[in-house]
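This is a predicted model, so every value here is computed, not measured.
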Amino acid sequence: MELSRNLPRETLLEMQRRMLRIRLFDERASKMVKRGYIPGTVHTSIGQEAQVVGACMALNAGDHMTGNHRSHGHPIGMGSPLGPLMAELVGKATGVCGGKGGSLHLADYAVGSLGESGITGSSIPIAVGAGLSAQVLGEDRVALTFFGDGTANQGVLYESMNLASAYKLPAIFLCENNFYALSTPSHTVTGGRIVDRAAGFGMPGVRVEDGQDVLAVYDAVAEAADRARRGEGPSLVEVMTYRFREHSEGLRINVDYRDAEEKAFWTSRDPIILFREALVARDIASTEEMDALEAGIEEEVEACATFALESPDPDLSVAFEHLYTDPYELEAVL
Amino acid sequence: MSIMTYIGAIGAAQQEAMSADERVIIIGEDVEANVYGTTGGGKQRAEQGDFVQQFGQNRIRNTPISEEAIVGTAIGAAMTGLRPIVDLSYSSFLYMAMDQFVNQAAKNRYMFGGQSSIPVVFRSAMFYGLNTGAHHSDRPYPMFMNVPGLKIMAPASAADAKGLLRSAIDSDDPVLTFEAVPLWGQKEEVPEEEYRIPFGVARTRREGADVTVVGISGSVPLALQAAEDMAARGVSCEVIDPRTLVPLDSDAIVRSVEKTGRLVIAEPAHRTCGAAAEIAALVADKAHHALVAPIKRVCALDMQVPFSPALEAQIYPTRERIVAAIEAVCADQLMSENRRVG
Ligand SMILES: Cc1ncc(C[n+]2csc(CCOP(=O)(O)OP(=O)(O)O)c2C)c(N)n1
Ligand SMILES: [Mg+2]
């Protein structure tokens with residue numbers, strides 16, 4: 001039902017912008033980890049931009065999303081501005097969570113991003129809950145949750161799929177199948193195909209074989225969202241994609257767990273290059289226009305890094321805020 | 001005033017809250033048929049007060065047996081506009097959803113810099129002393145006291161259960177209620193009108209001068225009985241029920257110990273790292289100057305719960321064990337009483 005066919009030019013260009021934002025943001029974040037500006041590590045979505053953006057842009061304003069440890073692409077895909085995200089990675093006062101979340105726990109409620117999660121699988125039922133509130137309150141919105149192929153083997157997913165299906169909740173379960181859970185090839189620890197598990201819960205399951213094609217992902221998720229909005233319940237969308245870099249930045253794994261040929265095949269299918277070529281071929285934009293668009297994102301990312309680095313550290317008292325909605329009496333715990 | 005049972009008071013609080021606010025829903029296993037007795041007026045569906053009839057199936061929801069998903073879904077729903085009450089029935093089932101309690105409910109607001117509030121109540125019932133065997137006989141509230149971000153109530157009477165539950169439902173933070181099943185049938189006068197009892201305010205159940213006895217949950221009535229026994233022997237006990245464990249009214253406990261100089265704490269949870277241990281440490285820190293005797297704890301033994309009625313009773317605090325602890329800390333007073341008698 002290729003819903004993407006009618007997308008206006010501006011939306012198509014915005015897809016490319018958001019994919020570029022993710023790519024350049026993550027490349028910059030990686031450098032900042034290596035140089036010590038970002039404490040700890042980050043998990044990039046480099047290579048998976050089409051899977052992220054195709055899904056997020058199939059949602060409407062007011063919809064909700066929860067994510068996982070591969071955590072920057074999701075809020076960027078929802079339209080979150082880059083400055084506060086990068087400031088959060090660095091741990092600054094201007095961070096989107098005030099410096100208390102960090103890379104793994106980004107959330108930007110202004111764009112419907114209810115939170116990423118350092119615990120795999122943990123945020124899946126949160127999205128189901130957003131679906132439940134929509135249903136009970138009669139509000140026209142859907143909730144999507146991103147999780148990996150490795151996480152697809154956690155029980156909480158199946159409790160959540162069953163509950164969502166039984167209640168016919170407006171929820172979308174989006175599996176980012178990049179073939180590996182850290183160093184473990186998915187097929188060695190997974191029985192059957194993930195997409196086929198949808199049938200067991202009486203919900204449609206679709207597999208996007210080419211998750212490097214942003215419009216293919218958009219089509220699958222837009223259809224799932226339409227169905228959810230019609231009150232017909234949840235769907236499982238499995239997107240086949242690939243991460244171009246290591247599981248997390250700075251991680252050194254001495255075992256060559258990824259086949260060189262497989263890697264070469266997938267890295268030759270760069271979603272950003274593919275979409276640029278498609279847009280030019282369809283006369284949506286000229287190469288000059290695409291160059292200008294890319295330059296604009298480069299500037300945005302440059303500016304977000306400067307913003308993050310120049311922002312002040314959080315005030316020390318912030319560590320004692322937001323545990324509860326009522327103020328915390330610090331003296332009581334000292 | 002009307003007389004209510006402890007469990008009746010919980011049902012009444014839920015009913016009031018459901019009527020007052022459309023965003024309040026109840027989800028849990030078997031709540032539609034009122035299996036546990038808090039979602040209806042009586043045991044029959046058709047009986048007056050049935051919640052499904054009153055509030056409809058949109059707001060009274062049976063769930064699959066999926067504790068992790070139920071708890072997570074309630075958290076997500078609370079983050080996006082509802083105020084769910086989750087009936088988890090047995091408190092032993094909380095363990096199934098530990099990740100959601102600890103990593104989501106307790107941390108989200110904090111991690112996300114205050115972007116979310118999570119107005120959700122997780123109700124669970126502590127079955128113990130009822131020969132339900134090890135898998136259904138837990139008193140796990142101390143484990144959750146160890147998780148900053150959760151609020152915890154453990155009422156010991158009908159009026160407290162009702163007023164605290166209303167406050168819990170009003171709260172914009174996640175609250176866990178631990179209800180004492182041995183007290184379900186106990187009756188108390190309850191105000192006719194709607195009322196709320198604030199969190200973090202202890203209730204002095206009996207005033208006294210010689211020893212402070214802090215009772216928690218099902219140990220409160222036992223502490224009151226022990227106080228009665230000791231009164232007959234000339235020892236005046238002040239019995240305090242904190243009612244909420246997070247936040248804890250440490251001031252009330254410290255003030256009382258400053259007056260009495262002695263402290264006994266009774267609770268149905270295990271001794272190691274229990275609420276009693278926390279209260280003992282607080283008092284040792286803040287009222288050390290006033291203490292004239294060691295602090296005594298009367299807790300469940302650090303032991304699993306045996307099934308046989310012949311075996312189970314000895315695991316938990318009893319009136320006699322509390323009396324023995326009071327005797328131990330009031331030894332000098334009792335000696336002088338013995339001299340008088342002798
Ligand atoms: C409950 C839990 N177990 C283990 C981990 C450690 N861990 C983090 S990411 C990861 C692999 C996840 O694989 P997948 O779900 O396929 O996501 P991907 O990293 O491939 O995007 C593991 C094992 C964790 N964060 N949480
Ligand atoms: Mg994976």
Side-chain angles (χ1 to χ4, degrees), chain A residues 64 66 88 95-102 104-110 113-115 117-119 121-139 141 143 155-164 166-167 169 314 318 321-326 328-329 332-333, chain B residues 22-23 25 27 56 58-59 61-84 96-97 99-100 102-120 148-151 171-174 199-200 246-248 250-251 282:
Chain A
H64 290 119
T66 69
E88 188 61 36
V96 70
C97 301
K100 294 203 293 194
L104 284 172
H105 312 113
L106 297 177
D108 185 354
Y109 280 43
S113 147
L114 292 182
S117 177
I119 306 294
S122 193
S123 72
I124 293 171
I126 303 298
V128 174
L132 177 64
S133 68
Q135 186 183 69
V136 171
L137 298 168
E139 294 175 4
R141 51 181 166 81
V156 66
L157 173 63
Y158 300 104
E159 287 194 0
S160 299
M161 284 172 68
N162 177 64
L163 184 73
Y167 284 7
L169 297 180
V318 168
E321 287 175 359
H322 305 130
L323 185 65
Y324 298 102
T325 50
D326 20 64
Y328 198 68
E329 283 168 41
V333 295
Chain B
E22 298 240 304
R23 298 169 301 171
I25 65 166
I27 70 172
N58 196 35
R59 294 175 65 206
R61 298 232 180 187
N62 271 359
T63 62
I65 306 169
S66 305
E67 281 76 13
E68 197 174 0
I70 297 166
V71 171
T73 296
I75 295 165
M79 287 160 68
T80 54
L82 291 179
R83 307 184 75 83
M96 302 299 294
D99 172 55
Q100 291 300 317
V102 178
N103 283 316
Q104 299 291 330
K107 296 181 186 173
N108 277 359
R109 177 176 173 76
Y110 185 83
M111 288 194 308
F112 303 148
Q115 291 185 80
S116 54
S117 63
I118 311 174
V120 54
L150 304 177
K151 291 181 176 175
S171 167
D172 283 329
D173 298 311
F199 273 45
V246 181
L248 177 71
S250 50
D251 286 351
L282 264 167

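Ranked by heavy-atom pairs under 4.5 Å with chain B, the list A/Leu169, A/Val318, A/Asp108, A/Thr66 is led by A/Asp108. If you tally non-hydrogen atom pairs under 4.5 Å between each of A/Arg141, A/Glu139, A/Glu88 and chain B, the highest count goes to A/Arg141. Interface summary for chain B: among A/Ala166, A/Gly129, A/Ala164, A/Ala143, the most heavy-atom pairs under 4.5 angstrom belong to A/Gly129. Comparing B/Ala74, B/Ser117, B/Ser116 by heavy-atom pairs within less than 4.5 Å of chain A, the highest count is held by B/Ser116. No other option in B/Lys151, B/Arg59, B/Met79 has as many heavy-atom pairs under 4.5 Å with chain A as B/Lys151.
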ask   = Which is it for B/Ser66 and A/Leu163 under the side-chain contact (heavy atoms from CB on, under 4.5 Å) test, yes or no, and what are the steps along the way?
value = CA-CA 8 Å; B/Ser66 305; A/Leu163 184 73; 5.8 Å; no
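Distance alone, capped at 3.5 Å, places no donor-acceptor pair between the B/Thr80 side chain and the A/Ser133 backbone. Formation of a donor-acceptor pair under 3.5 Å by the A/Tyr324 side chain with backbone atoms of B/Gly149 is found in this model. Checked by atom type and distance alone, the side chain of B/Gln115 pairs as donor or acceptor with a backbone atom of A/Ala107 at under 3.5 Å.
Minimum heavy-atom separation, B/Glu67 to A/Glu159: N-OE1, 3.7 Å. Shown here for B/Arg109 and A/His322, the closest heavy-atom pair between the two residues is CG-O, 3.2 Å. Nearest heavy atoms, B/Gln104 versus A/Ser122: NE2-OG, 2.7 Å. Closest of all the heavy-atom pairs between B/Ala69 and A/Ser160 is CB-N, 3.9 Å.
If you take SG on A/Cys97 and CE on B/Met111, they are separated by 8.0 Å, rounding to the nearest 0.5 Å. To the nearest 0.5 Å, atom CG of residue B/Leu82 and atom CD of residue A/Gln135 are 10.0 Å apart. The line from CG of A/Asp326 to CG of B/Asp172 is 9.0 Å long, rounded to the nearest 0.5 Å. In this structure, the separation between CD1 on B/Ile70 and CG on A/Leu132 is 11.5 Å, given to the nearest 0.5 Å.
Contacts between B/Asp251 and chain A at a heavy-atom distance below 4.5 Å are absent for every atom of the residue. For A/Leu104, no part sits under 4.5 Å from any heavy atom of chain B, backbone or side chain. Heavy atoms closer than 4.5 Å to chain B are found in the side chain of A/Ser117, but not in its backbone. Both the backbone and the side chain of A/Ala130 come within contact range of chain B, judged by heavy atoms closer than 4.5 Å. There is no contact between B/Ile118 and chain A, counting heavy-atom distances below 4.5 Å. Only the side chain of B/Val246 comes within less than 4.5 Å of a heavy atom of chain A; its backbone N, CA, C and O stay farther away.
Residues A/Leu114 and B/Phe112 fail the side-chain proximity criterion, which asks for heavy atoms closer than 4.5 Å. Within the 4.5 Å cutoff, side-chain heavy atoms of B/Gln100 are placed close to those of A/Ile126. With contacts defined as side-chain heavy-atom distances shorter than 4.5 Å, the pair B/Asp99/A/Val156 does not qualify. Counting heavy atoms from C-beta on, the side chains of A/Pro125 and B/Glu68 never come closer than 4.5 Å.
The environment of B/Glu22 atom CD is sparse: at most 12 non-hydrogen atoms of other residues, nucleotides or ligands sit within 6.0 angstrom.
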